[in-house]
Amino acid sequence: MKSTKYLETLSDKSVEELNVELVNAKKELFNLRFQNATNQLDNTARINEVRKNIARVLTVMSQRKWENGEKPQGKKTKRNRLASEKAGR
């Protein structure tokens, strides 16, 4: 599926449907990695395709949060945590 068509289908989905899509994509990626490790995977390019689809879903979810006035939270890394502690947050 072309990425533009995939993005159009994602933009039509609700947040709950996007969460289901994300979970399914992560399960598929896990299975693909497992098949790759056991040399059962024929199409290794599918791994990169699924990874990009996960990123697309996360991007659409993040855009929805911005549209609703929420600020999406980034990853909680040690650097971010230390910077917020210095700022007194």
Q: Flag the pair Leu41 / Ile47 as yes when at least one side-chain heavy-atom distance between them is below 4.5 Å, and no otherwise.
A: yes

Q: Taking all non-hydrogen atoms of both residues into account, name the closest pair between Ala25 and Ile54 and its distance.
A: CB-CG1, 3.6 Å

Q) Given side chains that start at C-beta, do those of Val20 and Glu17 come closer than 4.5 Å, heavy atoms only? A) no

Q: Could you tell me whether a side-chain N or O of Ser62 sits under 3.5 Å from a main-chain N or O of Leu58, the two making a donor and an acceptor?
A: no

**Q.** Close side-chain approach of Phe34 to Leu29, heavy-atom, < 4.5 Å
**A.** no

Q) Are there more than 12 heavy atoms of other residues, nucleotides or ligands under 6.0 Å from atom CG of Asp42? A) no

Q) Taking the side chain from Arg64 and the backbone from Ser11, do they hold a donor-acceptor pair closer than 3.5 Å? A) yes

**Q.** Taking every non-hydrogen atom, the tightest pair across Val60 and Leu7
**A.** CG2-CD2, 4.3 Å

Q | side-chain hydrogen bond (donor to acceptor under 3.5 Å, both in side chains) between Asn53 and Arg56, intermediate numbers included | A | CA-CA 5 Å; Asn53 287 341; Arg56 288 182 183 111; 2.8 Å; yes

Q | Interatomic distance, Lys26 atom NZ to Leu22 atom CG [nearest 0.5 angstrom] | A | 4.5 Å

Q) Can you tell if the side chain of Asn43 reaches within under 4.5 Å of the side chain of Arg46, non-hydrogen atoms only? A) yes

Q. So, are Glu49 and Lys52 salt-bridged, with charged N and O less than 4.0 Å apart?
A. no

